[in-house]
**Student:** 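Can you keep this structure in mind? I'll have questions shortly.
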There are 2 protein chains.
Amino acid sequence: MSTPAPTEATLRRRLQPEERRQKIVDGAVAFFADVGLDGKTRDLARRLGVTQSLLFNYFASKETLIEAVYEQVYLNRLSDDWPRRLTDRSRPLRARLLDFYAEYSRLIFEYDWMRIFMFSGLAGAELNRRYLDHLGSVILTPLLDEIAVASQSRRVPQMEDLWNLHGGIVYIGIRQHIYRMPCPDDPSQAIERAVDRFLAAFDAG
Amino acid sequence: MSTPAPTEATLRRRLQPEERRQKIVDGAVAFFADVGLDGKTRDLARRLGVTQSLLFNYFASKETLIEAVYEQVYLNRLSDDWPRRLTDRSRPLRARLLDFYAEYSRLIFEYDWMRIFMFSGLAGAELNRRYLDHLGSVILTPLLDEIAVASQSRRVPQMEDLWNLHGGIVYIGIRQHIYRMPCPDDPSQAIERAVDRFLAAFDAG
DNA sequence: TCTCTTATTGATCATATGATCTATAAATCG
DNA sequence: CGATTTATAGATCATATGATCAATAAGAGA
């Protein structure tokens, strides 16, 4: 009797620590996005085809693992040259706004991001507030100026108006990934229309 | 030695079953809104000043209790005469819309509702989809017609546009109760401006 | 005031869960 | 190939958790 031929499932594959760690983080992102941050380490391990104890070889605690998940998900989410591009008055404001929300929506209308952002927000993570504060000061506040400048009327937007524009767009992703409602395959039309309505209201189109 | 004087904490108060049940449901709503549906029965019991085992005297399982929470929270959330009031063309469309979102926002911009709706959405509860389907067919779809009729131009809104209006408004509550961001004390100004921008875009003001 | 009903408690069970530690075997190097 | 390193597995621990049930005492009625 020889040992049973190792099947794909039972095969013990020995990876380089860095590679394994990355596989764990990637799997954890997908896993916690599905079931929430209360997901159990045993379930995650099963999904990774790995022992539960292995996780603790790479992360001191579940909390540490979740921090790595945050880092992976939040990293580079908001390209830092947008403030410059949004205020580049050599281009029409409309084009700048559409560019921004085209790229931004591509980034955030993603299952993992959307759900982990929501889960961590509900859990009270400071990270969310920091992220939204950042968004407000780095994107929306400059936009306030740009619109005021581009405006042909004396109407001036308020910060709340920009949050409204933003929220209406983000809500597409919420409907899609949080509530799993049927949504347009390509949201860019809806976004374009929302941006146009917004600019028209301030004669800034 | 007499028995120790029963303090407020240890006092065993005997309530009528209906009253106790209601107290448990109310407490459960607040509790699960805070910590999520994975909240532990022992923590809930402690908050209620009651034994954990008592919960299972009133609810066969934690799942049953959560269903009661859903029922309590979702109940009567959307008054069923809104379809009629929204299509009452004897009044200006703007007034109808503002009335609706004034009342609607008062209902949903509430800590418990907002968070339990989000928690249950993330958990994949069918209830959320049903609720939003209902909202779409009973509120937004009729509005589509109303706007088309009131429009002075040939521009016609699409369903996605109405979801955009709706989402932009709902997002105020999300910022406030999910992300705990500073928000306007009274959202009615922001709502009014959003509605006006929307109607203006279709010359339906 | 006494009795009886039953709302509530306290102890307990079975399982789940995060975490630890030692044994095993896959890769690496001479 | 053989020795060595160490990534991975498997067994296990302490505690947490949903759920059960017999014991207790609060309140209602006689």
Side-chain angles (χ1 to χ4, degrees), chain A residues 1-29 31-32 34-70 119 123, chain B residues 1-29 31-32 34-70 119 123:
Chain A
M1 289 291 253
S2 61
T3 55
T7 67
E8 174 67 25
T10 62
L11 182 63
R12 176 194 284 199
R13 272 228 288 279
R14 194 186 165 102
L15 303 185
Q16 293 302 314
E18 252 330 299
E19 185 183 357
R20 176 65 75 191
R21 196 195 125 98
Q22 193 53 51
K23 272 203 191 329
I24 292 178
V25 172
D26 289 343
V29 167
F31 173 72
F32 287 124
D34 273 342
V35 307
L37 302 172
D38 290 320
K40 312 305 177 186
T41 55
R42 277 174 179 77
D43 295 330
L44 167 58
R46 197 173 313 125
R47 230 161 106 151
L48 285 164
V50 129
T51 337
Q52 180 239 9
S53 61
L54 186 64
L55 304 180
F56 291 90
N57 198 303
Y58 287 87
F59 300 92
S61 65
K62 185 186 166 186
E63 198 182 313
T64 311
L65 171 57
I66 287 181
E67 271 160 33
V69 166
Y70 283 159
F119 276 123
Chain B
M1 289 293 253
S2 60
T3 55
T7 66
E8 174 66 26
T10 62
L11 183 63
R12 177 193 284 198
R13 271 229 288 279
R14 194 186 166 103
L15 302 185
Q16 294 302 315
E18 252 329 299
E19 187 183 356
R20 176 65 75 193
R21 197 195 125 96
Q22 193 54 51
K23 272 203 192 326
I24 291 177
V25 173
D26 289 342
V29 167
F31 172 72
F32 287 124
D34 272 342
V35 308
L37 303 172
D38 290 320
K40 313 305 177 185
T41 56
R42 276 172 180 80
D43 294 330
L44 167 58
R46 197 173 312 126
R47 232 162 104 150
L48 286 164
V50 130
T51 337
Q52 181 240 8
S53 61
L54 185 64
L55 303 179
F56 292 90
N57 198 305
Y58 288 87
F59 300 92
S61 65
K62 184 186 166 185
E63 198 182 313
T64 311
L65 171 56
I66 287 179
E67 271 160 32
V69 165
Y70 283 159
F119 276 123

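Values below: all heavy atoms of this structure, side chains included; hydrogens, waters and symmetry mates excluded. Order of the sequence lines fixes the chain letters, A, B, ..., with proteins taken first and strands second; residue numbering starts at 1 for each chain. A quick note: this is a predicted structure, and the numbers were derived from the prediction, not measured.
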**Student:** If I take atom NZ in residue A:Lys40 and atom P in nucleotide D:dA16, what distance separates them, rounded to the nearest angstrom?
**Tutor:** 13 Å
**Student:** Starting from C1' on C:dT8, measure out to CZ on B:Arg46 and report it in whole angstrom.
**Tutor:** 18 Å
**Student:** Rounding to a whole Å, what distance do you find between B:Asn57:CG and D:dA23:C1'?
**Tutor:** 14 Å
**Student:** Return the value, rounded to whole Å, for the distance between atom CD of A:Glu19 and atom C1' of C:dA27.
**Tutor:** 13 Å
**Student:** Would you kindly give the CG-to-P distance between A:Leu44 and C:dT17, to the nearest whole Å?
**Tutor:** 13 Å
**Student:** Which of these nucleotides, D:dG18, C:dG10, D:dT8, is closest to any side-chain atom of B:Ser53?
**Tutor:** C:dG10
**Student:** Report yes if the side chains of B:Arg20 and B:Val50 come closer than 4.5 Å at any heavy-atom pair, otherwise no.
**Tutor:** yes
**Student:** Side-chain contact test, heavy atoms from C-beta onward, threshold under 4.5 Å: evaluate it for A:Leu37 versus A:Tyr70 and give yes or no.
**Tutor:** yes
**Student:** Judged by each residue's nearest nucleotide on DNA chain D, which is more toward the 5′ side, B:Thr41 or A:Gln16?
**Tutor:** A:Gln16
**Student:** Taking the side chain as every heavy atom from C-beta outward, state whether B:Leu54 and B:Leu48 have any atom pair closer than 4.5 Å.
**Tutor:** no
**Student:** In whole Å, I'd like the distance from the CZ atom of B:Phe59 to the P atom of D:dA19.
**Tutor:** 13 Å
**Student:** When you measure only distances, ignoring hydrogens and angles, does the side chain of A:Arg20 come within 3.5 Å of the base of D:dT8 through a donor and an acceptor?
**Tutor:** no
**Student:** Nearest heavy atom decides the nucleotide; on that basis, is A:Gln52 or B:Arg42 closer to the 5' end of DNA chain D?
**Tutor:** A:Gln52
**Student:** At under 4.0 Å between heavy atoms, what does A:Tyr58 touch on the DNA or RNA strands: base, sugar-phosphate, or nothing?
**Tutor:** sugar-phosphate
**Student:** Look at the side chain of B:Arg14 against the base of C:dT6 and say whether a donor-acceptor pair falls under 3.5 Å; ignore hydrogens and angles.
**Tutor:** yes
**Student:** Quick one: B:Glu63 CD to D:dT17 P, roughly how many Å, whole number?
**Tutor:** 18 Å
**Student:** Closest approach to the side chain of A:Leu15, judged atom by atom: which nucleotide of C:dA7, D:dT17, D:dT8 is it?
**Tutor:** D:dT8
**Student:** Between B:Lys62 and B:Leu44, is there a side-chain heavy-atom distance shorter than 4.5 Å?
**Tutor:** no
**Student:** Would you mind reading off the distance between B:Leu48 atom CG and C:dT9 atom P, rounded to a whole angstrom?
**Tutor:** 10 Å
**Student:** Could you work out which one of C:dA19, D:dT8, D:dA25 sits closest to the side chain of B:Arg12?
**Tutor:** D:dA25
**Student:** Going by heavy atoms in the side chains, are B:Tyr58 and B:Val25 under 4.5 Å from each other?
**Tutor:** no
